[in-house]
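Data first, discussion second: the structure below is written as structure tokens.
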Amino acid sequence: MCSRDCCSGPGGSNRGNTCTDKKGGKAGSLNGEKIIPTPQSLLYPYEVIEEIADFIVKGSGMRPKIGIICGSGLGSLADIIQDPKIFEYEKIPNFPVSTVEGHAGRLVVGTLEGATVMAMQGRFHFYEGYPLAKCSMPVRVMKLCGVEYLFATNAAGGINPRFAVGDIMLMHDHVNMLGFAGNSPLQGPNDPRFGPRFPALVNSYNKDLINKAIEIGKAMGIESNIHVGVYSCLGGPNYETIAELKALRMMGVDAVGMSTVHEVITARHCDMKVFAFSLITNKCATEYSDKKDDEANHEEVMAVAKTRQKACCELVARLIREIHLASA
Ligand SMILES: O=P(O)(O)O[C@@H]1C[C@H](O)[C@@H](CO)O1
Ligand SMILES: Nc1nc2[nH]cnc2c(=O)[nH]1
């Protein structure tokens with residue numbers, strides 16, 4: 001594995017997308033240097049993931065059962081963790097860094113409603129310049145730490161006209177636009193220690209957890225703000241055009257974002273149970289107009305997320321409590 005600077009993503013980690021190795025075999029060349037592309041799945045071999053997981057388990061003294069990925073502006077999901085052990089991403093060996101506002105860049109390990117949990121306060125996005133396997137590498141770290149359940153959250157634009165800003169969409173399926181274009185976090189040789197070469201993705205989103213979340217929404221008195229729907233991940237960082245939003249709607253997409261799908265693929269590949277939701281931070285226009293309101297922006301996304309943090313935290317905490325009680 002090459003450790004030259006040319007392999008660095010934005011985080012400066014020594015595993016990136018493309019390698020220029022003077023000693024390499026058949027390759028193209030750039031400025032006289034040979035270029036050997038590295039398949040995504042080789043960016044983080046099993047042993048490296050194992051080292052990161054050991055670092056976290058030893059450093060925290062815990063084997064978390066539930067992993068949480070906090071979406072944009074939803075970092076407070078990790079603030080409710082009790083007796084937290086905090087790991088700055090920069091201090092975790094071979095970990096990328098967060099470069100997006102609203103993603104603090106810390107891993108928080110502790111307990112929540114009696115369950116051992118680890119939460120990423122800050123995820124990695126494709127548009128930051130990280131390959132998909134790098135974006136979802138922490139999911140494999142979670143797996144080797146002992147995590148059985150992945151809770152993935154995101155901020156998303158609502159395409160379904162019934163959705164209002166501030167609503168929560170429980171994901172029951174996704175449309176993988178990056179996958180349509182031939183990109184996958186599983187691309188390259190498969191390591192069967194993680195999972196099979198050809199994982200099936202029907203039933204990726206755990207139905208029991210969705211049903212429990214609906215019940216919790218009723219108990220919280222927010223049932224009219226809870227929906228079940230289909231999420232799609234685009235590459236970003238730009239928001240969508242009207243024509244793209246129309247096309248997504250025709251495909252049955254209810255909410256659009258720039259994350260989560262590759263994390264879910266990685267989690268299902270290694271047989272984790274998945275629960276995911278989108279906080280609808282903006283309504284996407286699907287008709288042409290001159291309204292400035294139609295233009296999404298990250299400040300609005302963050303501001304809406306802030307106003308809905310409490311409800312999202314309560315939903316997550318109550319669901320984790322149910323999982324914990326059921327397994328006790
Ligand atoms: O990390 P998530 O998917 O919650 O963040 C969304 C997608 C972009 O990163 C950002 C755009 O406002 O919010
Ligand atoms: N792609 C995309 N991501 C978002 N994240 C929050 N809102 C949006 C949106 O409208 N589009």
Side-chain angles (χ1 to χ4, degrees), residues 10 67-78 89 96-106 119-130 132 134-136 138-139 150-161 163-171 174-178 180-181 229-249 251 253-265 276-287 291-309 312-313 316:
I68 303 169
I69 302 178
C70 305
S72 280
L74 292 173
S76 60
L77 291 171
Y89 289 170
V97 292
S98 286
T99 69
V100 185
E101 207 201 322
H103 291 264
R106 309 180 331 159
M120 290 179 67
Q121 244 176 357
R123 65 150 51 89
F124 309 113
H125 304 85
F126 188 59
Y127 65 76
E128 291 174 76
Y130 295 124
L132 289 182
K134 196 164 189 163
C135 295
S136 56
V139 173
L150 176 69
F151 277 43
T153 68
N154 60 64
I159 304 182
N160 187 319
F163 292 2
V165 168
D167 285 356
I168 290 170
M169 185 193 80
L170 309 175
M171 288 169 61
H174 68 233
V175 175
N176 180 9
M177 293 306 286
L178 296 175
F180 276 24
V230 176
Y231 173 89
S232 184
C233 167
L234 271 63
N238 54 283
Y239 297 103
E240 295 69 37
T241 66
I242 299 280
E244 286 163 351
L245 291 164
K246 277 177 189 279
L248 289 169
R249 187 68 198 131
M251 290 165 75
V253 171
D254 297 294
V256 61
M258 305 176 197
S259 67
T260 308
V261 168
H262 34 279
E263 298 157 354
V264 171
I265 292 171
F277 70 79
S278 300
L279 175 66
I280 305 301
T281 51
N282 53 290
K283 266 178 92 74
C284 295
T286 48
E287 296 302 332
K291 281 192 285 171
K292 199 74 184 153
D293 289 2
D294 287 350
E295 290 185 3
N297 67 80
H298 193 56
E299 289 67 39
E300 182 194 5
V301 167
M302 301 273 291
V304 170
K306 204 169 171 193
T307 66
R308 299 299 285 161
Q309 276 177 357
C312 293
C313 285
V316 166

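Because only heavy atoms are used, hydrogens play no part in the values below, and waters and symmetry mates are left out as well, while side chains stay in. Atoms within each ligand, like the ligands themselves, are counted from 1 in listed order. Positions are given from 1, in the same order as the sequence printed here.
- The closest approach between any non-hydrogen atom of Gly236 and ligand 2 is not below 4.0 Å.
- Classification of the Tyr89-Phe124 ring pair by plane angle, with boundaries at 30° and 60°, yields tilted.
- Shortest contact from atom 3 (N) of ligand 2 to any protein heavy atom: Gly257 CA, 3.3 Å.
- At a heavy-atom distance under 4.0 Å, atoms from both the backbone and the side chain of Val256 approach ligand 2.
- A salt bridge links Asp254 with Arg249: at least one charged nitrogen is closer than 4.0 Å to a carboxylate oxygen.
- For ligand 2, the polar-atom distance check finds no N/O of Tyr239 at less than 3.5 Å from any of the ligand's N/O atoms.
- Side-chain contact between His174 and Cys233 is absent, with no heavy-atom pair separated by less than 4.5 Å.
- The one candidate from Val253, Asn154, Val256 that meets the side chain to side chain contact (heavy atoms under 4.5 Å, CB included) condition with Tyr231 is Asn154.
- Residues Phe126 and Lys134 fail the side-chain proximity criterion, which asks for heavy atoms closer than 4.5 Å.
- Using a 4.5 Å cut-off on side-chain heavy atoms (C-beta onward), Met177 and Leu248 make contact.
- Considering both main-chain and side-chain atoms, Glu240 comes within under 3.5 Å of ligand 2 through a nitrogen or oxygen pair.
- When only non-hydrogen protein atoms are considered, atom 10 (O) of ligand 2 lies nearest to Asn282 ND2, 2.9 Å.
- Rounding to the nearest 0.5 Å gives a distance of 5.5 Å between NE2 of His298 and CD of Glu101.
- Ile265 places none of its side-chain heavy atoms less than 4.5 Å from the side chain of Ser136.
- Judged by distance alone, the side chains of Thr260 and Arg123 do bring a donor and an acceptor atom under 3.5 Å apart.
- Contacts of Leu234 with ligand 2, taken as heavy-atom pairs under 4.0 Å, are absent altogether.
- With contacts defined as side-chain heavy-atom distances shorter than 4.5 Å, the pair Leu279/Thr153 does not qualify.
- Within ligand 2, the atoms closer than 4.0 Å to a non-hydrogen atom of Cys284 are 10 (O), numbered from 1 in the order shown.
- Annotation: side-chain contact (heavy atoms from CB on, under 4.5 Å) contacts of Ala78 (sequence neighbours excluded): Cys70, Ile81, Val108, Ala119, Gln121.
- Closest of all the heavy-atom pairs between Ala156 and Asn282 is O-OD1, 3.7 Å.
- In the vicinity of Ala155, heavy-atom distances shorter than 4.0 Å reach the ligand 2 atoms 5 (N), 6 (C).
- At the shortest separation from atom 8 (C) of ligand 2 among protein heavy atoms lies Gly157 N, 3.4 Å.
- Ranked by closest heavy atom to atom 6 (C) of ligand 2, the top entry among Asn154, Asn297, Leu245, Thr281 is Thr281.
- Atoms of ligand 2 lying under 4.0 Å from at least one heavy atom of Met258, given by number and element, are 1 (N), 2 (C), 3 (N).
- Using a heavy-atom distance under 4.0 Å as the criterion, the protein contacts of ligand 1 are Gly71, Ser72, His103, Arg123, His125, Tyr127, Asn154, Ala155, Tyr239, Met258, Ser259, His298, Val301.
- Taking only nitrogen or oxygen atoms, main chain and side chain alike, Val301 does not reach within less than 3.5 Å of ligand 2.
- Put simply, the side chain of Met120 does not reach to within 4.5 Å of the side chain of Glu263, judged on heavy atoms.
- Neither the backbone nor the side chain of Ser72 has any atom closer than 4.0 Å to an atom of ligand 2 (non-hydrogen atoms only).
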